[in-house]
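Worksheet: one structure, shown below.
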Amino acid sequence: MFQEVASPYTDHAELNINLERLKELVVMAIKVHGLPFSIATQRVLVTLAEKELDYEFVYIDLATGQQKTEDFVKLHPFGQVPVLEDGDLTLFESRAISQYIAHRYADKGTPLIAPDPKKMAILSVWTEVESQRFDPQAYKLAYELVIKPILGRTTDEAIVTQHEGKLAEVLDVYEARLTQSKYLGGDSFTLADLHHLPVINYLMSSKIKALFDARPHVSAWCADILTRPAWQKVAALMKH
Amino acid sequence: MVVKVYGPEYASSKRVIVTLIEKEIEFEVVDVDAFKGENKSLDYLKLQPFGLLPAIQDGDYTLFESRAIIRYYAEKYKSRGTELFGKCYLLFPFHQQWLEVEAHNFNPPLNTLVIHTIFSSKLGITPDQKVIQENEVKLGKVLDIYEERLSTNKYLAGDFFSLADLSHLQLGHYLLNGAGKEYMIRDRKHVSAWWDVISNRPSWKKVLQLFPYLN
C-alpha cells in the first residue's frame with residue numbers, strides 16, 4: 001500500500017518519457033490546407049513525407065471557390081493553397097513552408113538542407129533557379145498540356161510553343177549542372193531537387209517528357225527523384 | 001577579400017547591393033553591359049550559366065540569383081549591421097514567406113509593366129496596352145493585399161524591416177520613376193507610408209546615388 005510509485009512529476013526518467021510523448025503530440029499539430037492535385041500543395045506534402053512527419057490534411061475545394069471565403073483568406077490573404085499550420089504558426093507560399101519544415105525538423109527523416117552556410121547558399125541558388133527560371137516555363141506547360149485537359153478545357157498551343165523553347169534552354173543549363181553535380185544543390189538530394197517534383201511529374205505525361213529524355217543527366221536525375229518513396233506516396237494521393 | 005558584384009546598373013543587382021550596405025559589407029562592382037551582350041560572354045557564363053545579372057564573387061566562391069545571395073549574406077553576417085530576419089525567424093519565417101510573395105506575386109506583373117512602359121524601345125518590342133492593363137489590374141490586387149497587411153503591420157514580415165521589404169525596392173522604384181504608375185502606391189495609404197519608410201533608408205539612398213537608374 002505504501003510502496004513507492006514512479007510519479008511523472010517527480011521521477012526524472014518518467015518526465016523525460018512524457019516530454020517525448022509531448023513532442024510527438026506537438027508534431028501531430030501540423031495541418032496542411034490544400035488539394036492533392038495542386039502542384040504547390042504537393043510540394044509541401046512531399047517535404048512532410050521526406051521528413052516522416054504526420055499531419056492532418058484539410059481539403060480545400062478550389063472548384064467551389066472555398067479558397068476565397070473569408071475564413072480561408074484569414075489564413076492566406078491571397079486566397080491560394082497550400083497553407084501550413086504548425087502549433088502557433090500559420091505559413092503560406094509552398095517554398096517558404098518547405099524551407100521552414102526542412103529547418104525546423106532538421107533532425108527528422110531526410111536531410112533537405114545543408115548545415116554549412118556556403119553549401120546552403122549553393123542549394124539556395126538552385127531553389128531560386130527552380131522558382132525563377134524553371135517554374136515560369138514548366139508550370140505553364142504543365143497547366144496547358146496536363147491540367148487543362150483534366151479540367152475539360154482546351155490547350156492553348158501558342159502558350160505551349162512560347163514556353164517549350166524557353167524550357168529547353170533552361171534544361172540545357174540543368175544538363176551542364178548535373179554533369180558536374182549529382183543533384184542540383186550538391187552531392188545529395190535536397191529541397192533544390194524536391195521543389196521540381198510536382199511539375200516534372202505532370203510533364204512526364206505530356207510531350208514535354210521528350211525534352212527531359214533528350215538530356216541524359218537530366219533524364220537520370222528525373223528518374224532518380226521521381227522514384228523516391230516519399231514522392232511515390234504523394235503521387236498516389238492523386239489516384240483517389 | 002571584397003565581394004565583387006557584377007552588373008550594378010541592373011535592378012536585381014541593386015537588391016544585392018542594398019543588402020551589402022545594410023550589412024556593412026565592403027564590395028566592389030564590375031560593369032556588365034547586357035545591351036552589348038557582355039552577359040553572354042563565356043567568362044560571364046561561367047559565373048552565371050543563364051547569363052543574367054547579378055552574380056557575385058567572394059574570393060573563389062561565386063553565387064547567383066539575387067534572392068539567394070541576399071539570404072546568404074544576411075545569415076552570414078547576422079550580427080553585423082541591420083538585422084534582416086527578425087527574432088525567432090526559424091520558428092516564424094515570415095520574412096521568407098513575404099520574400100516568396102514578392103518573387104511570385106509582386107515581381108512578375110510589375111516586371112511585365114516595366115518592360116512595356118519603360119524598356120519597350122530598348123528591347124525592340126511594341127508596348128501592348130492590353131498587356132499593360134492586365135498586369136496593372138493583377139498588381140493592383142496584390143497591392144490591395146499589401147494595403148491590408150500593412151494596416152496592421154509596420155513592415156511585411158511584422159514590426160521589423162526585413163529582406164522581404166528590401167526586396168521590393170529595386171523594381172518598385174520604377175512605379176514612381178518612369179512607369180507613370182505612382183497612383184498604385186500613393187492611392188493606398190499604408191502602402192504609401194511603407195514605401196516612404198523603406199525607400200528613405202540611408203542604404204537605398206546610397207544605392208541610388210552610387211548606381212543611378214539609367215532610364
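Note that the structure is predicted; figures quoted are calculated from it, not measured. Naming convention: chains lettered A, B, ... in sequence-line order (proteins, then strands); numbering from 1 in each chain.
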Within the structure provided, determine whether B:Phe92 and A:Leu91 are in side-chain contact (heavy-atom separation under 4.5 Å). no
By a 4.5 Å heavy-atom criterion (distance strictly below it), what part of A:Val173 contacts chain B: side chain, backbone, both, or neither? side chain
Could you tell me which portion of A:Val129 (side chain, backbone, both or neither) has an atom closer than 4.5 angstrom to a non-hydrogen atom of chain B? both
Any side-chain heavy atom of B:Leu63 sitting closer than 4.5 Å to one from A:Ile122? yes
In terms of heavy-atom proximity below 4.5 Å to chain A, should B:Leu90 be classed as side chain, backbone, both, or neither? both
So with a 6.0 Å cut-off around CG of A:Asp61, is the heavy-atom count from everything else above 12? yes
Please classify the contact of B:Leu91 with chain A as side chain, backbone, both or neither, using a heavy-atom distance under 4.5 Å. both
Output all donor-acceptor pairs under 3.5 Å across chain A and chain B; consider backbone as well as side chains.
from: A:Phe92; atom 1: N; to: B:Gln97; atom 2: OE1; distance (Å): 2.8
from: A:Arg95; atom 1: NH1; to: B:His104; atom 2: NE2; distance (Å): 3.3
from: A:Gln99; atom 1: OE1; to: B:Arg71; atom 2: NH2; distance (Å): 2.7
from: A:Lys118; atom 1: O; to: B:Tyr61; atom 2: OH; distance (Å): 2.6
from: A:Ser124; atom 1: OG; to: B:Arg71; atom 2: NH2; distance (Å): 3.3
from: A:Glu128; atom 1: OE2; to: B:Arg71; atom 2: NH1; distance (Å): 3.0
from: A:Ser131; atom 1: OG; to: B:His104; atom 2: NE2; distance (Å): 3.0
from: A:Arg133; atom 1: NE; to: B:Glu65; atom 2: OE2; distance (Å): 2.8
from: A:Arg133; atom 1: NH2; to: B:Glu65; atom 2: OE1; distance (Å): 3.4
from: A:Arg133; atom 1: NH2; to: B:Glu65; atom 2: OE2; distance (Å): 3.3

